[in-house]
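In what follows, a structure is listed as C-alpha cells, so that the remarks can point back to it.
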Amino acid sequence: MGKTTLIIVAILALLLISGVAIARYKGFCNGPEGRISWVTERLGKKLDLDETQRTQLTQLKDQTLEIMQEMRDERESTAETAIALLDSPTLDREQARQLVAEKQTQLASAADQLIDVFADFSDNLRDDQRSKLQEMIQHHRDRRHCGFGCNRSDAATQN
C-alpha cells in the first residue's frame, strides 16, 4: 500500500470512530429512550431549571416514553390486523376504515396527554427560559429538520 492510501484509511477510521463516539454520547445508539434522556438532560442544563421545573420535565419525559411504549405494543397487533385484511379476495373497507379510526383515536389521546404535560412544564418557565427554549427549537428546525427543505419556500432554502 502506498503512503497516501494508508493516510486515507487512517483518516476514515478516525472519522468512523469519532462518529460512533458522538452518536453514543448523544444517546442515539440507545434508541428513543436514550435520545429522550439526552434531550431532557440538555434542556435541564441549557434552561437552568429549578427543582420543580426539572420534576415537570421528568414527568414529560416519562409520559412520552410511556406513550411510545403503548404505541409500540399496539403496532404489532395493528399490523397483524392490517395483514389479515388482505387474506380475503376483496378488502373489507369498513374494517380498514375502523382500524384507521382506532389508530387516529389512539394518536389523538396521546396528543392530548402530551399537550397537558408539556403545558404544565412550559407554563412554569420564566420568560428568559421560554425564549431560550424557542431559540433551541428554532435552531433544531433550521439545522436538523428535513435537511434542505421539506415544503419550505425556495427563498428559505437558498441560504
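As the structure is a computational prediction, the values presented were derived from the model and not from experiment. Values below: every heavy atom of this structure, side chains too, minus hydrogens, waters and symmetry copies.
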task = Kindly indicate whether the side chain of Leu49, heavy atoms from C-beta on, has any atom under 4.5 Å from the side chain of Phe121.
result = yes

inquiry  = Testing the basics here: between Leu57 and Thr40, what is the closest heavy-atom pair and its distance to 0.1 Å?
reply    = CD2-O, 3.5 Å

inquiry  = A quick test of your reading: do over 12 heavy atoms of other residues, nucleotides or ligands sit less than 6.0 Å from CG of Asp127?
reply    = no

request  = Taking Ser109 for its side chain and Thr105 for its backbone only, find out whether a donor-acceptor pair lies under 3.5 Å.
outcome  = no

key: Gln53 and Gln129 side chains, donor-acceptor separation under 3.5 Å   = yes

key: Same apolar cluster (I L V M F W Y, side chains within < 4.5 Å links), Leu114/Met68   = no

query = Considering all heavy atoms of both residues, which atom of Ser88 and which atom of Thr90 are nearest to each other, and what is their separation?
reply = OG-O, 2.5 Å

query = How far does CD of Gln98 sit from CG of Leu85, to the nearest 0.5 angstrom?
reply = 10.0 Å

ask   = Under 3.5 Å, is there a donor-acceptor pair between the Asn124 and Gln56 side chains?
value = yes

inquiry  = With a 4.5 Å cut-off on side-chain heavy atoms, are Arg141 and Gln138 touching?
reply    = yes

key: Within-4.5 Å side-chain heavy-atom neighbours: Gln104 and Val100   = yes

request  = Indicate, with yes or no, if Phe118 and Ile36 share a hydrophobic cluster defined by side-chain heavy-atom contacts under 4.5 Å among Ile, Leu, Val, Met, Phe, Trp and Tyr.
outcome  = no

request  = Count the heavy atoms belonging to other residues, nucleotides or ligands that lie under 6.0 Å from CZ of Arg72, then report whether that count exceeds 12.
outcome  = yes

message = For a 4.5 angstrom cut-off between non-hydrogen side-chain atoms, does Gln106 reach Glu102?
response = no

remark   = Shortest non-hydrogen pair, Met136 vs Leu47, comes out as SD-CD2, 4.2 Å

note = Here the pair of heavy atoms bringing Ala110 nearest to Met71 is CB-CE, 3.8 Å

key: Closest non-hydrogen atom pair, Gln63 against Val117   = CG-CG2, 3.9 Å

inquiry  = Let me confirm one number: the CD1-CG distance from Ile137 to Leu43, rounded to the nearest 0.5 Å.
reply    = 8.0 Å

task = Considering non-hydrogen atoms only, spot the tightest contact between Ser37 and Lys61 and give its length.
result = OG-NZ, 3.8 Å

query = How long is the gap from CZ on Arg75 to CG on Asp73, to the nearest 0.5 Å?
reply = 9.5 Å

